[in-house]
Amino acid sequence: MKFSFVSDLEAHLRDAFGTDDLTVPAELCPPNFAGDVTINCFLLAKPLRRNPMQIAEQVAAYLAKHPDVQQAEAIKAFVNVTVAGGAVMRDTVADEAALLGAVTLPEADQRKVLIEFSAPNTNKPQHLGHVRNNTTGMAIASLLERVGNTVSRINLVNDRGVHICKSMIAYQRFGKGITPESVGKKGDHVVGDFYVRYDQEFRKQLSALKEAKPELAEKSSDELFLETEIGRATQDMLLAWEKGDPEVRALWETMNGWVFAGFAETYRRMGVEFVHTYLESQTYMLGKDIIEEGLAKGVFYKRPDGATVIDFEDPTLGSKVVLRSDGTSVYITQDLGTTLLKQHDYQPDQQIWVVGDEQIYHFRVLFAILKALGYDWADNLVHMAYGMVNLPTGKMKSREGTVVDADDLFDELDNLAREATLERAGADVPEDLDERARVIGMGALKFMLLKVNPKTTMMFDPQASLRFEGDTGPYVLYAYARISSMLRRAGDAALAGEVDWSVLGAKEEKSLALRCAQYPEIMHKAAANLDASLVTGYLLDLAKDFSKFYQACPVLAAETPALVRARLELAARVRTLLGDGLRALTIGTLESM
RNA sequence: GCUCCGGUAGCUCAGUUGGAUAGAGCGACGGCCUCCUAAGCCGUAGGUCGUGGGUUCAAUUCCCGCCCGGGGCGCCA
């Protein structure tokens with residue numbers, strides 16, 4: 001927020017104290033104090049080397065005489081300033097293009113960013129955890145784009161490995177040749193069902209094994225995996241896959257095809273899009289050459305047991321194996337390879353991974369290795385770690401069937417939004433009911449997930465999530481729709497000609513305009529911190545300020561045409577910002593609700 | 001054991017370079033539709049900011065100890 005009176009005050013103070021380069025911080029005045037804007041003089045005490053109370057007195061005395069200022073009151077070290085309505089409007093919302101334009105960063109600060117998110121496995125459908133990832137990834141990507149960066153969204157699908165073999169084995173044994181079409185089910189769910197079926201069979205064999213050999217009772221299921229018949233069969237299938245066995249490959253292609261078709265549908269409903277999807281089946285062999293290179297450079301060394309390792313200087317990183325003693329890759333080897341591949345393919349200034357916080361250590365190691373290998377861009381790699389989603393009943397566990405399925409959740413929210421819409425519509429069933437239900441349901445879900453700070457482990461209460469009142473996406477959508485409705489009623493002619501902003505000055509009008517003025521800085525901060533919750537919080541504040549204004553100040557029925565015009569114009573600004581902000585979070589809007 | 005994240009109202013969460021009397025939503029209670037969409041607005045109740053020290057004019061915020069909860073520390077991914 002930049003006000004003329006603040007600039008004048010800065011010039012005055014620089015002059016009076018002989019200081020260069022002084023910036024005066026102007027904040028919104030807290031609601032329990034009288035004023036619009038507050039100057040915190042504690043922050044001026046150091047640069048001016050004066051007692052903050054004295055500065056406050058001086059600031060208040062200067063501002064009291066300023067033409068834009070109606071009242072300036074010093075309380076302790078704070079100066080609460082009541083600004084003339086016209087001046088507030090002139091310095092905040094009058095120039096819409098300038099307000100929106102300020103969101104775009106200067107060219108020198110714009111970056112080319114590559115963001116990877118979603119990264120699902122092809123053995124089961126997506127659940128609420130993936131939904132948080134997808135929503136966060138899309139929101140961060142479009143937020144970064146909105147402030148002027150060039151963003152490439154990519155996915156890296158884990159389409160090979162033991163997990164998919166499990167589903168394949170179960171399908172071979174229990175599938176009876178069904179297809180998604182024959183059972184009328186999404187392909188990812190069909191494959192996921194076999195993954196669950198596999199686990200049942202494995203458990204069965206495991207308990208039989210433990211019964212036969214009581215000495216194994218204490219062993220973990222991982223340790224006993226190859227002791228079971230189905231475990232060995234799975235291992236054999238994995239090896240056959242790696243050798244390119246035609247039959248195994250054909251089944252793999254078929255089942256992955258089902259999963260991808262299912263994912264496409266889930267992504268479509270969420271509005272998730274990627275410029276490219278890397279497949280692990282095509283990249284898993286990458287990375288070994290980098291190990292060779294690092295070995296030659298002395299970054300890695302071969303341990304007596306044959307494993308290739310790196311010892312970090314940082315004791316919290318310790319030591320990490322990068323190649324097994326048999327020469328095969330580990331997880332991090334592949335990740336080194338794909339990181340280089342992505343760097344080569346896109347030449348980004350920065351790579352971002354949206355991956356759960358349980359992998360924080362993994363990424364620290366990954367980045368440290370790349371740094372040790374001498375890649376200067378390794379300093380710009382970012383793991384955007386986000387927290388898990390828990391349910392009131394506890395953690396989500398696929399095997400225990402306690403996951404909230406993404407598609408089911410979408411359906412449920414869609415239905416509730418439809419009911420809520422019909423309930424409010426009365427006899428007039430809207431023609432675009434489907435569209436409304438979709439936007440409201442998905443908007444409610446995304447907004448709720450984005451509202452909490454990404455790094456916090458969040459609690460998802462399915463019951464509470466189905467409500468559309470209070471601090472929710474629909475609340476914001478509702479404010480948007482009401483303004484749209486007002487503008488429709490007013491007609492285009494109502495927005496023609498000059499606006500006399502000086503007719504505004506009610507506290508609700510000023511608060512609203514001041515809130516609008518915060519938009520660019522909020523967007524910058526959210527983008528810089530990769531934190532979409534700053535935007536949701538802001539949009540709620542803006543929508544609340546609008547609702548208060550709307551309650552207190554009649555717009556279309558205002559006393560004079562000039563007042564109608566100015567209030568309508570102010571409301572239009574709010575609508576523009578709400579739409580812009582929601583779009584930056586990949587949440588759609590509605591013209592009527 | 002080492003390490004990372006968290007502990008704020010009954011519940012879910014804000015509070016980010018240390019600043020005024022710690023906020024919101026839900027839930028509870030009480031008001032507001034002859035008036036631009038009540039998915040709304042207004043009010044009441046609800047807090048030793050986990051705990052004990054320290055730094056500071058000023059600490060929910062920074063530092064240290066402790067308690068509680070969660071994650072991570074593999075030749076798994």
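So you know, we letter chains A, B, ... as the sequences are listed, proteins then strands, and number each from 1.
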| request: Would you classify A/V555 as touching base, sugar-phosphate or nothing, given that sugar-phosphate means primed atoms plus P, OP1 and OP2, and contacts are heavy atoms under 4.0 Å? | output: base

Between B/A77 and A/R324, is there an OP1 or OP2 to side-chain N/O distance shorter than 4.0 Å?
yes

Practice problem: Look at A/R482 and B/A39 and indicate whether a side-chain polar atom (N or O) is within less than 4.0 Å of OP1 or OP2. | Solution: no

Partner of A/Y386 under side-chain hydrogen bond (donor to acceptor under 3.5 Å, both in side chains), picked from A/T136, A/N133, A/D357, is A/N133

Looking at A/N123, is its backbone amide N or carbonyl O close enough to the side chain of A/N121 to form a donor-acceptor pair, meaning the two atoms are under 3.5 Å apart? no

note: A/F468, atom CZ; B/A38, atom P; distance rounded to Å ~ 19 Å

Less than 5.5 Å between centroids and less than 30° between ring planes, does A/Y550 satisfy that with B/C36?
yes

Requested in this report: Please report the C-alpha distance between A/Q518 and A/R515 in whole Å, then the side-chain angles of each, then the deciding distance to 0.1 Å, and finally whether the side chain to side chain donor-acceptor pair (under 3.5 Å) criterion is met.
Outcome: CA-CA 5 Å; A/Q518 291 182 302; A/R515 183 71 70 189; 3.2 Å; yes

Side-chain contact check for A/E280: nearest option of B/A38, B/C75, B/A77 is B/A77

message: Suppose you measure atom C1' in B/G43 against the same atom in B/A59; what distance do you get, rounded to whole Å?
response: 33 Å

Item checked: B/G23 and B/A45, which share atom name C1', separated by this distance in whole Å -> 16 Å

The Watson-Crick or G-U wobble partner of B/G46, with both key distances under 3.5 Å, is none

Taken to the nearest whole Å, OH/A/Y386 to C1'/B/C5 is 16 Å

B/C62 -> Watson-Crick or G-U wobble partner, both distances under 3.5 Å, gives B/G54

Any strand, both distances under 3.5 Å, Watson-Crick or G-U wobble: B/G25 pairs with B/C11

Considering only atom P, compute the distance from B/C5 to B/G65 and round it to an integer number of Å. 14 Å

Using a heavy-atom cut-off of under 4.0 Å over every strand shown, decide if A/D222 touches base, sugar-phosphate, or nothing. nothing

The nucleotide from B/U3, B/C36, B/A77 with an atom nearest the side chain of A/H362 is B/A77

Q: May I ask you to say what A/C41 touches in the nucleic acid, namely base, sugar-phosphate or nothing, with a heavy-atom cut-off under 4.0 Å?
A: nothing

| request: Consider only side-chain N and O atoms of A/D222 and A/S220, and report whether a donor and an acceptor are under 3.5 Å apart. | output: no

What is the nucleic acid contact for A/R303, judged by heavy atoms within less than 4.0 Å: base, sugar-phosphate only, or nothing? base

Could you tell me whether A/Y475 contacts a base, only the sugar-phosphate backbone, or nothing, with contacts defined as non-hydrogen atoms closer than 4.0 Å? sugar-phosphate

One thing to verify: whether A/R573 and A/E569 come together as a salt bridge, which I'm taking to mean a side-chain N less than 4.0 angstrom from a carboxylate O. yes

The answer to which of A/S319 and A/K548 contacts RNA chain B further toward the 5' end, by nearest nucleotide, is A/K548

Between A/R438 and A/D434, does any side-chain N to carboxylate O distance fall below 4.0 Å?
no

Would you check if the side chain of A/Y361 reaches a backbone N or O of A/L317 as a donor-acceptor pair within less than 3.5 Å? yes

- Task: Rounded to whole angstrom, note down the P distance from B/G46 over to B/A22.
- Result: 14 Å

With C1' as the reference atom in both, quote the distance from B/U8 to B/G69 in angstrom, rounded to an integer. 16 Å

Practice problem: Classify the nucleic acid contact of A/S325 as base, sugar-phosphate or nothing, counting any heavy atom under 4.0 Å across all strands shown. | Solution: base

Phosphate oxygens OP1/OP2 of B/U37: is one of them under 4.0 Å from a side-chain N or O of A/R489?
yes

Notebook entry, point to check: Within less than 4.0 Å of OP1 or OP2 of B/A39, is there a side-chain N or O belonging to A/Y478?
Noted result: yes

Here the pair of heavy atoms bringing A/G35 nearest to A/T82 is CA-OG1, 3.6 Å

- Do we see a donor-acceptor contact under 3.5 Å between the side chains of A/N256 and A/T122? yes

Worksheet item: Is A/P392 close to A/M459 at the side-chain level, that is, under 4.5 Å between some pair of heavy atoms?
Response: yes

Within the structure shown, what part of the strands sits under 4.0 Å from A/I440 by heavy-atom distance: base, sugar-phosphate, or nothing?
-> base

Original post:
Base, sugar-phosphate alone, or nothing: which one does A/A481 contact when heavy atoms must sit under 4.0 Å apart?
Top reply: base

Using the P atoms only, state how far B/G7 lies from B/U12, rounded to an integer number of Å.
-> 12 Å

Check your understanding: What integer number of Å spans the C1' atoms of B/A28 and B/C73?
Key -> 46 Å

Applying a 4.0 Å non-hydrogen cut-off, can you work out what A/S592 is touching in the nucleic acid: base, sugar-phosphate, or nothing?
base

Heavy atoms under 4.0 Å, any strand shown: does A/K395 hit a base, just sugar-phosphate, or nothing? sugar-phosphate

With sugar-phosphate taken as primed atoms, P, OP1 and OP2 and all else as base, the protein-contact string of nucleotides 10-22 of chain B at under 4.0 Å (heavy atoms; B, S, -) is --SSS-B--BBB-

The residue, A/P554 or A/L323, whose nearest nucleotide of RNA chain B is more 5′ is A/P554

